[in-house]
Structure formats: C-alpha cells, structure tokens
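By convention in this document, chain letters (A, B, ...) are assigned in the order of the sequence lines, proteins followed by strands, and residues within each chain are numbered from 1.
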Number of protein chains: 2
Amino acid sequence: MAGQSDILRRLGRAVTRGREEILRILAESPLPLTPRGIRDKFTDPKPDAATVYRNLALLSSLGLVRSVALHERSRRYEATEVGAHRHRVVCRSCGRIEAFPARECDLSRIENDIRSRLGFRVTDHSLEFFGKCPGCLGKGNRP
Amino acid sequence: MAGQSDILRRLGRAVTRGREEILRILAESPLPLTPRGIRDKFTDPKPDAATVYRNLALLSSLGLVRSVALHERSRRYEATEVGAHRHRVVCRSCGRIEAFPARECDLSRIENDIRSRLGFRVTDHSLEFFGKCPGCLGKGNRP
DNA sequence: GCGCAACTTGCAAGTCTTTTGCAAATGCAA
DNA sequence: TTGCATTTGCAAAAGACTTGCAAGTTGCGC
Ligand SMILES: [Mn+2]
Ligand SMILES: [Mn+2]
Ligand SMILES: [Zn+2]
Ligand SMILES: [Zn+2]
C-alpha cells in the first residue's frame with residue numbers, strides 16, 4: 001500500500017526523501033501549503049527551494065498533488081485525494097483559510113453549458129469562497 | 001453617469017488618466033488582463049508599471065475591479081459589473097481563456113453550509129473550470 | 001554488494017512579478 | 001490661480017520561481 005511511491009517507480013522516477021516527504025506533509029496538512037511552507041515542515045536537512053519547486057512540478061504532472069490559486073502572493077499545493085476534491089473559504093480580513101471536502105458538488109449543469117456553448121471539455125474546476133471568518137465577524141475590525 | 005470617476009472623487013481620490021484608462025481598458029476587455037497586459041493597452045505615454053500596480057490595488061479596494069487567480073505566473077484583473085460576476089474556462093493545452101457571465105449561478109446551498117458549519121459569512125466566490133478548448137480537442141496535441 | 005547510467009539535488013545565477021522610497025508633477029477645492 | 005494633498009516616474013529592492021551545471025543518489029542488472 002505504498003501507493004504513491006509505486007506510481008513514481010512505475011514511471012521510472014526515483015523515490016527520494018524529498019518526494020516522499022512532500023507527499024506526506026501535504027497529506028497531513030488541513031490546508032494547502034506554499035512551497036515555502038512545505039520546505040519549512042521538513043526536518044533538517046531541509047531540501048533546497050529549487051528542489052521543492054522541481055518536485056512539486058513533477059508531482060503535479062503526475063496528478064499526485066494539485067495547485068490551488070488563492071489570491072495570495074504565492075501559489076499553494078494540496079495532495080489530491082482519489083475521486084474527491086476540496087473547496088476553500090478565505091477570510092478577507094485575517095487571511096484564514098478553511099478547506100472542506102466538496103461532497104455532492106454538482107456543477108454538472110454549468111459544465112454541460114460550457115460543453116455545448118463553448119465546446120470546451122472540462123476536466124476539473126476550482127471553487128473558492130471569500131468573506132469573513134467567525135473571529136473577524138465578532139470584533140468589527142480591519143476591513 | 002460618469003459613475004466610477006464619481007466614486008473616486010467622492011472618496012477624495014483623484015481622477016487621473018491612469019485610473020480612467022484602466023477602468024476603460026478592463027471594461028472593454030472580454031478577458032481578465034494582467035497588469036502588464038493592461039499597461040500595454042495604453043497609448044503613449046504609458047504609465048510606469050508601479051503606477052499600474054498601485055492603481056489596481058486602489059481600484060480593487062474600492063470594489064471597482066477584481067482580481068482573478070488563474071493558475072498563471074501573473075494575476076489578472078477584470079472590471080466588476082454591478083450585480084453580476086463571471087466564471088472562466090481555461091484550456092490546459094494552449095492557455096486560452098474564455099469568460100462568461102454567471103447567470104443563475106446558484107451556490108447558495110454551499111454558502112449556507114459554510115455559514116452554518118464554519119461560521120464564515122461569504123461575500124463572493126470565484127469559480128474556474130479547466131479542460132481543453134475545441135481547438136486543442138480537434139488535433140490531439142501537446143498536453 | 002558492485003558498478004554504471006539515468007535521474008536528482010544543491011548552489012549560484014538569472015528572470016519575472018510586485019513593492020517601496022523619494023522627489024517631481026498633477027489634481028482639486030478654495 | 002494658489003496651496004496642499006495626492007499621484008506619478010524612476011530606481012532600487014524584495015519575492016517567487018526557474019535554470020545550468022557539477023556533485024550526489026537511485027534503480028537495476030550482474
Ligand atoms: Mn467542486
Ligand atoms: Mn458564480
Ligand atoms: Zn478572519
Ligand atoms: Zn486550447
């Protein structure tokens with residue numbers, strides 16, 4: 001059941017500490033992480049930033065991780081779960097991020113429209129909500 | 001009906017060529033544009049890039065423009081339309097972007113869930129679809 | 001285990017996007 | 001028109017990635 005490492009081997013890519021750790025770190029994180037945040041979670045010796053970027057690109061291309069575009073300075077990554085995906089809520093006041101499994105996410109009507117009107121074949125989507133978290137709602141604070 | 005310039009004046013912000021042009025350029029663009037793309041559409045003399053960034057930040061904070069996070073190197077911006085918003089489809093092969101008005105977009109069930117389960121008050125969302133455009137579907141080409 | 005070829009990594013340099021300080025230019029209300 | 005706050009250009013800097021290259025690892029067959 002070493003699933004993901006097998007995928008790497010099967011494709012002729014080496015299984016290295018960097019790759020296994022990235023997968024583990026992301027699988028254990030409740031939130032998508034930035035490349036920087038991922039690197040910070042390594043125990044020493046930490047890999048070079050370039051290696052983290054290269055491995056995220058590789059794992060992305062294999063579908064093992066997925067990048068998330070919130071409206072931030074840096075991109076974030078999350079582990080992909082088989083047959084599932086997540087949506088996110090971002091607090092515009094404090095930046096807090098919550099991710100939640102997208103059960104019964106039905107965007108098929110929209111996807112069908114896209115197919116028939118624009119001719120695009122949609123393979124996936126990303127949906128983010130923005131607003132205020134409970135903490136920031138409480139004390140009426142910084143916009 | 002010079003609406004947006006009025007909003008600027010009312011808030012004590014100057015109405016400058018840079019600001020008016022950014023609003024006009026975005027209003028006329030069928031796609032969200034990058035800061036660089038916006039600057040390129042100015043007739044000479046073009047404003048400095050720093051000015052474009054500063055003005056986009058200002059107009060965003062006033063709600064006159066909105067940033068769109070596609071999975072690209074640079075952020076994009078679009079003009080906000082009153083009581084309307086758009087969704088986008090991005091081709092993973094050639095990068096083509098199509099934006100379309102989100103008529104009858106009903107994410108209220110999800111937003112209610114977010115409200116009751118997480119306590120977030122959602123003010124807006126962003127929804128992007130990814131897949132292949134008709135052109136790239138035709139000729140089975142570069143992934 | 002050993003050895004080699006292929007693949008990976010660290011490091012340093014480079015690119016691209018976005019931010020910031022500051023003085024000169026401009027907008028605007030009086 | 002004047003006066004002052006706001007805005008802009010310019011140059012420098014910060015950040016987020018990317019790339020070349022030599023040294024270090026991994027996968028595999030022996
Ligand atoms: Mn979904
Ligand atoms: Mn919508
Ligand atoms: Zn908050
Ligand atoms: Zn395409």
Whether each nucleotide of nucleotides 14-24 of chain C has a protein heavy atom under 4.0 Å at its base (B), only at its sugar-phosphate (S) or at neither (-) is summarised, 5' to 3', as --SSBBBB---
Please list, chain by chain and in numerical order, all residues satisfying side chain to side chain donor-acceptor pair (under 3.5 Å) with A/H85, sequence neighbours excluded.
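If we apply the side chain to side chain donor-acceptor pair (under 3.5 Å) test to A/H85, skipping adjacent residues, the hits are A/H87, A/H125.
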Q. Starting at CG of A/L56 and ending at C1' of D/dA16, how long is that distance when rounded to a whole Å?
A.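 Rounded to whole Å, this separation is 13 Å.
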Under the side chain to side chain donor-acceptor pair (under 3.5 Å) rule, collect the residues that match up with A/R66, sequence neighbours excluded.
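Side chain to side chain donor-acceptor pair (under 3.5 Å) list for A/R66, sorted by chain: A/E78, A/D124.
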- Query: Linking I/L/V/M/F/W/Y whenever their side-chain heavy atoms sit closer than 4.5 Å, directly or via other members, would A/I114 and A/L127 fall into one cluster?
  - Reply: yes
Residues at least two apart in sequence or cross-chain that pass ring pair (Phe, Tyr, Trp, His ring centres under 6.0 Å) with B/F130, listed by chain then number, are B/H71
Co-membership, hydrophobic cluster, residues A/V15 and A/L26, 4.5 Å side-chain:
yes
Applying side chain to side chain contact (heavy atoms under 4.5 Å, CB included) to B/D40 and not counting sequence neighbours gives B/R36
To the nearest angstrom, the CZ-P distance between A/R19 and C/dG10 comes to 11 Å
A/L33 CG to D/dA16 P, in whole Å, measures 15 Å
Between CG of A/N55 and P of D/dT18 the distance, given in whole Å, is 13 Å
(message) If you apply the rule side-chain contact (heavy atoms from CB on, under 4.5 Å), what do you find for B/V89 with B/I97, and how did you get there?
(response) CA-CA 6 Å; B/V89 205; B/I97 299 168; over 6 Å; no
Whole Å only: how far is the CG atom of A/L58 from the C1' atom of D/dT26?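 To the nearest whole Å, that distance equals 14 Å.
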Check the interface with nucleotides 4-6 of chain C: list each N/O to N/O pair with the protein under 3.5 Å, or write none.
none

Residue set satisfying side chain to side chain contact (heavy atoms under 4.5 Å, CB included) with A/T123, at least two apart, ordered chain then number -> B/R92
Heavy-atom closest pair, residues A/Y77 and A/S60
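Looking at all heavy atoms of both residues, the closest pair is CE2-OG, 3.8 Å.
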- Is there side-chain contact between B/E81 and B/R86, with heavy atoms separated by less than 4.5 Å? yes
The dot-bracket string of DNA chain C, counting Watson-Crick and G-U wobble pairs with both distances under 3.5 Å, using [ ] for crossing pairs and | for pairs to another strand, is ||||||||||||||||||||||||||||||
Contacts of A/E20 meeting salt bridge (charged side-chain N to carboxylate O under 4.0 Å, His left out) (sequence neighbours excluded), chain-then-number -> none
### Task
Figure out the CZ/P separation between B/R39 and D/dT8, and round it to whole Å.
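That distance rounds to 14 Å.
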Rounded to whole Å, the CZ-C1' distance (A/R76 to D/dA16) equals 14 Å
In whole Å, what is the span from the CD atom of A/E21 to the C1' atom of C/dT8?
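In whole Å, C/dT8 C1' and A/E21 CD are 16 Å from each other.
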Under 3.5 Å between N/O atoms: give me all the protein pairs with nucleotides 25-30 of chain C, atom names plus distance.
{"from": "C/dC28", "atom 1": "OP1", "to": "B/V15", "atom 2": "N", "distance (Å)": "2.9"}

- Query: Residues two or more places apart in sequence or in another chain: which of them pass salt bridge (charged side-chain N to carboxylate O under 4.0 Å, His left out) with A/R117?
  - Reply: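 So A/R117 forms a salt bridge (charged side-chain N to carboxylate O under 4.0 Å, His left out) with A/D113.
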Considering residues at least two apart in sequence or located in another chain, which fulfil the side chain to side chain donor-acceptor pair (under 3.5 Å) criterion with A/T43?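 Expected list: none.
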